[in-house]
Amino acid sequence: MERPNWAPGDIDLERPSVARVYDYWLGGAHNFAADRAVAQKTLETMPEIRDVVLNHRAFLRRAVRHLLGQGVRQFLDLGSGIPTVGNVHEIAQAADPEARIVYVDLDPVAVAHSRSILDSNGHVSVLQADVRDWAGVLASPEVDKQLDFDEPVAVLMIALLHFMSDDEDPWGMIGGYRDRLAPGSFLALSHAGYEANEETDSSREARKIYNRDVTRTTFRNKAELSRLFDGFALVEPGVVRVPAWHPESPADIGESGKRFPGFAALGRKEQR
């Protein structure tokens, strides 16, 4: 296929990526035929997947607004993906133009597009890195330029950790970031998952397609997500279904919200 002018030259156009499949589900244009094929196949198996990813994005927006209300003005967005409407810097800098943000992603399209639209924004940096390398991320010039770790920082891991297996030690990764944070900092997580015996046949089939064609996923339940907040005090309402975290409307937590295939929470670091 012809390479778009926004695509870095070293990308394999035939290999789907997490960020570009997600971009397609969100209605974005920075994806390739291989991404669209697997994304569409998954949608045909589980049509509600688009609503699922939109709910994770909506949680991001609600969490950032909540954090702004708590006085946070620094954000480290890990696995930030390809920019779309309602990104962290748009929300944060609408409230305070001095708010500082670092976006971190491994996908070259996500990084290239982020840099192209944020080049003139001096309070935002974009880092291409593997978020699992917490020491490398924290030591990067981009993070050093924007974030003051003597002040509260919000670390955002939105729809990220279900791409890390237990063998990859997500607890250790979170701990690496946590230990650098000042008291009063926050961790926001959203994560795919179900309680026991809740997963539907369509979800299992969609996950089978995704695991085969894109990357493996690890679903976690409410108790497992709670354990990822070691060293943080959970903010009310604790770990809940994604639409139920500070919903904007009671309609957001109807019957479908109660069965939503994922959980979200916000935690506050109390001590260094």
Side-chain angles (χ1 to χ4, degrees), residues 56-57 59-81 86-105 121-127 129-161 164 169-191 220 224-240 242 245-246 263-272:
H56 282 278
R57 292 295 299 183
F59 165 71
L60 169 66
R61 294 191 290 271
R62 297 196 304 275
V64 170
R65 286 195 292 267
H66 181 91
L67 290 160
L68 289 164
Q70 299 299 304
V72 176
R73 295 296 185 269
Q74 302 186 102
F75 299 86
L76 179 58
D77 189 357
L78 301 174
S80 50
N87 282 290
V88 175
H89 72 278
E90 294 174 325
I91 301 165
Q93 292 181 343
D96 184 348
E98 298 298 309
R100 294 181 175 271
I101 300 95
V102 178
Y103 291 117
V104 185
D105 206 285
N121 192 325
H123 293 329
V124 182
S125 292
V126 181
L127 170 64
D130 188 330
V131 300
R132 294 171 295 186
D133 177 18
W134 57 266
V137 170
L138 294 174
S140 68
E142 290 85 353
V143 167
D144 184 64
K145 175 184 176 182
Q146 300 294 355
L147 304 181
D148 177 2
F149 285 96
D150 290 329
E151 298 295 329
V153 174
V155 177
L156 312 174
M157 301 184 186
I158 308 303
L160 171 68
L161 293 178
M164 287 186 68
D169 190 18
W171 307 274
M173 182 196 74
I174 292 171
Y177 289 107
R178 179 198 62 223
D179 291 347
R180 183 72 183 276
L181 300 175
S185 295
F186 290 85
L187 171 67
L189 295 182
S190 71
H191 197 298
R220 294 182 173 95
E224 289 167 328
L225 188 62
S226 297
R227 289 197 288 274
L228 293 169
F229 282 91
D230 182 45
F232 294 89
L234 286 169
V235 173
E236 288 296 325
V239 179
V240 293
V242 173
W245 196 89
H246 292 264
F263 303 93
L266 181 69
R268 185 179 192 275
K269 182 176 179 181
E270 303 293 345
Q271 299 179 353
R272 187 174 287 280

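Note that these values count all heavy atoms, side chains included, but never hydrogens, waters or copies made by symmetry. This is a predicted model, so every value here is computed, not measured.
- Considering all non-hydrogen atoms of both residues, Asp105 and Ser80 come closest at OD2-N, 3.3 Å.
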Does the pair Val88 and Arg61 meet the rule for a side chain to side chain contact (heavy atoms under 4.5 Å, CB included), with working shown?
CA-CA 7 Å; Val88 175; Arg61 294 191 290 271; over 6 Å; no

Determine whether Phe75 and Val64 satisfy the following criterion, side chain to side chain contact (heavy atoms under 4.5 Å, CB included), listing intermediate values before the conclusion.
CA-CA 9 Å; Phe75 299 86; Val64 170; 4.2 Å; yes

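- Between the side chains of Gln146 and His123, not a single donor N or O lies within less than 3.5 Å of an accepting N or O.
- Although no hydrogens or angles enter the test, the distance criterion places no donor-acceptor pair under 3.5 Å between the side chain of Asp77 and the main chain of Tyr103.
- Aromatic ring centres of Phe59 and His246 lie farther apart than the 6.0 Å criterion allows.
- Although no hydrogens or angles enter the test, the distance criterion places a donor-acceptor pair under 3.5 Å between the side chain of Arg73 and the main chain of Leu68.
- Counting only N and O atoms by type, the side chains of Arg57 and Asn87 include a donor and acceptor under 3.5 Å apart.
- Two residues are said to be in side-chain contact when any heavy atoms from C-beta on lie closer than 4.5 Å; Val155 and Phe186 fail this criterion.
- Proximity of Phe149 to Leu138: side-chain heavy atoms (C-beta onward) are separated by under 4.5 Å at one or more points.
- Contact of the Arg132 side chain with the Asp169 side chain is not registered, since no non-hydrogen atoms from C-beta on lie closer than 4.5 Å.
- The shortest side-chain heavy-atom distance between Trp245 and Pro237 falls under the 4.5 Å cut-off.
- Lys269 contributes no side-chain N or O that, together with a main-chain N or O of Gly231, makes up a donor-acceptor pair within less than 3.5 Å.
- Taking 4.5 Å as the limit, every side-chain heavy atom of Val72 sits out of range of all side-chain heavy atoms of Val153.
- A pairwise comparison of heavy atoms in His191 and Leu225 identifies CB-CD1, 3.8 Å as the closest pair.
- Under a 4.0 Å N-O distance rule, the pair Arg268/Glu270 qualifies as a salt bridge.
- The backbone N or O of His56 lies less than 3.5 Å from no partner atom in the side chain of Ser190, so there is not a single donor-acceptor pair.
- Here the straight-line distance linking atom CH2 of Trp134 with atom CG of Leu76 works out to 13.5 Å at 0.5 Å rounding.
- Heavy-atom minimum distance, Val131 versus Met173: O-SD, 3.5 Å.
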Run the numbers on Arg178 and Leu187 for side chain to side chain contact (heavy atoms under 4.5 Å, CB included), then give the verdict.
CA-CA 8 Å; Arg178 179 198 62 223; Leu187 171 67; over 6 Å; no

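- For the residue pair Phe229 and Leu189, the shortest heavy atom distance occurs at CE1-CD1, 3.5 Å.
- Within the model, atoms CD of Gln93 and CG of Asp96 stand 8.5 Å from one another, a figure rounded to the nearest 0.5 Å.
- Taking the side chain as every heavy atom from C-beta outward, Leu161 and Ile174 approach each other to under 4.5 Å.
- Considering CD1 of Ile101 and CG of Leu147, their distance stands at 9.0 Å, rounded to 0.5 Å.
- Side-chain contact between Val235 and His66 is present, with at least one heavy-atom pair separated by less than 4.5 Å.
- Looking only at side-chain heavy atoms (C-beta outward), Leu266 and Leu234 stay at 4.5 Å or farther from each other.
- Contact between Ser226 and Val239 at its shortest, heavy atoms only, is OG-CG2, 3.4 Å.
- Among all heavy-atom pairs drawn from Ile91 and Arg65, the shortest one is CG2-CG, 3.7 Å.
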